[in-house]
Every structure is written in C-alpha cells, then in structure tokens.
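Notes follow the structure.
These values consider heavy atoms only, across backbone and side chains, with no hydrogens, waters or symmetry-generated copies. Note that the structure is a prediction, hence the values are computed from the model and not measured.
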Amino acid sequence: QVQLVESGGGSVQAGGSLRLSCASSRAISTVCMGWFRQAPGKEREWVASIGRPGTTTYADSVRGRFTISKDNAKNSLYLQMNSLKSEDTATYYCATGFFTMYGLCPMAPGSYNYWGQGTQVTVSS
C-alpha cells in the first residue's frame, strides 16, 4: 500500500504562486504520477502528469502556468503553480497510476490507484 501526503496548499491572491508537494512512501521513479483537483460541486479534474524519464503533460487550463516535477531520490512530486486564478481554487490531490500502452501517463482518475488526502488551494480575486 502506497501512502501519499500532499502539502503546500494555502490562500493566495490572484496572480500569486504556490508550490505543492507530495511525499510518497514508496519509489516513484517507475510509475506515473499525477496531480488532480476538485472544486465543490465539480468532478475531479486532471491537472498534470509526469512519467519516465520525466515526460510531462498538462491540462489546457494550466499549461504555461503550472509545472509538474519530481525528485526520485526523495520520492517526492511537486506542482509549481504560477499566475494563479480564482478558477484554480480547489482541493489538489496527487496520485500514482499506470502507463498507457504508448508509455504515456493517463488523464482519467480511474487509471490511478493510490491517492493522497488532498491539500486546499484558495485563490482570491
């Protein structure tokens, strides 16, 4: 069983930045890692993923503003969020999943098997 713990959330003004972290109890070098977010009344939304050797993908809504990265030695995943908007307000989750047949990381939440408890991000106008 993999334990994932997110941290780094908080309240910021629009245009500000936050850096989220996700600590894993197991190695992350050989699996897909993803960030998701969920706002009240909305479905869980894929934000970004990173696989091996470090290929990254982003949702259109965050591309150019967010950067996903990881430190395999520390078993940690990160999400640098810049130019934050009120629409980014949500609970953010990290997750571990499986590669697609093409070696890419999926977008569907159902393709991820372990999840953290989430960290709240609130962006005020």
Side-chain angles (χ1 to χ4, degrees):
Q1 189 74 20
V2 179
Q3 301 291 327
L4 301 172
V5 180
E6 302 95 338
S7 62
S11 298
V12 298
Q13 294 184 0
S17 298
L18 283 174
R19 182 176 174 84
L20 306 183
S21 298
C22 173
S24 172
S25 64
R26 298 186 181 181
I28 63 173
S29 60
T30 60
V31 298
C32 283
M33 297 292 292
W35 284 102
F36 294 79
R37 65 187 183 185
Q38 188 167 24
K42 296 185 178 181
E43 295 183 346
R44 187 162 297 188
E45 174 189 20
W46 172 75
V47 175
S49 295
I50 185 168
R52 65 175 188 266
T55 301
T56 59
T57 51
Y58 298 91
D60 290 342
S61 59
V62 307
R63 188 177 296 108
R65 299 188 298 119
F66 291 10
T67 302
I68 187 172
S69 62
K70 63 176 181 177
D71 187 332
N72 290 330
K74 297 181 178 180
N75 292 334
S76 295
L77 177 73
Y78 307 99
L79 184 68
Q80 179 66 47
M81 305 184 295
N82 298 325
S83 301
L84 284 163
K85 306 174 181 179
S86 60
E87 293 80 10
D88 296 318
T89 296
T91 300
Y92 283 71
Y93 302 87
C94 67
T96 300
F98 303 98
F99 290 97
T100 69
M101 61 182 295
Y102 302 106
L104 302 176
C105 291
M107 298 182 292
S111 296
Y112 292 79
N113 54 347
Y114 295 106
W115 296 81
Q117 295 298 308
T119 185
Q120 179 66 38
V121 171
T122 302
V123 184
S124 60
S125 301

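Here the closest non-hydrogen pair linking Ser125 and Ser86 is OG-CB, 3.8 Å. Across every non-hydrogen atom of Gln117 and Tyr93, the tightest pair is O-CE2, 3.4 Å. Taking every heavy atom of both residues into account, Ala90 and Gln120 meet most closely at O-NE2, 3.4 Å. When every heavy atom of Met33 is checked against every heavy atom of Leu4, the shortest pair comes out as CE-CD2, 4.4 Å. The two residues Val121 and Leu20 make their nearest non-hydrogen contact at CG2-CD2, 4.0 Å.
Residue Arg44 holds its CZ atom at 8.5 Å from OG1 of Thr91, rounded to the nearest 0.5 Å. Taking CD from Glu45 and CD from Glu43, the interatomic distance works out to 10.0 Å, rounded to the nearest 0.5 Å.
For Arg19, the salt bridge (Lys or Arg N to Asp or Glu O under 4.0 Å) criterion is met by no residue, not counting sequence neighbours.
Contact check on Asp88 versus Lys85 returns no salt bridge, with no Lys/Arg side-chain nitrogen under 4.0 Å from an Asp/Glu carboxylate oxygen.
Using the six-membered ring where Trp is involved, Tyr92 and Phe66 have ring planes that are tilted, between 30° and 60° apart. Relative orientation of the Tyr112 and Phe36 rings is perpendicular, given thresholds of 30° and 60° on the angle between their planes.
Between Leu77 and the choices Cys22, Ser24, Ser21, the side chain to side chain contact (heavy atoms under 4.5 Å, CB included) rule is met once, by Cys22.
Remark: side-chain polar atoms of Thr89 are paired, donor with acceptor, to backbone N or O of Val123 under 3.5 angstrom.
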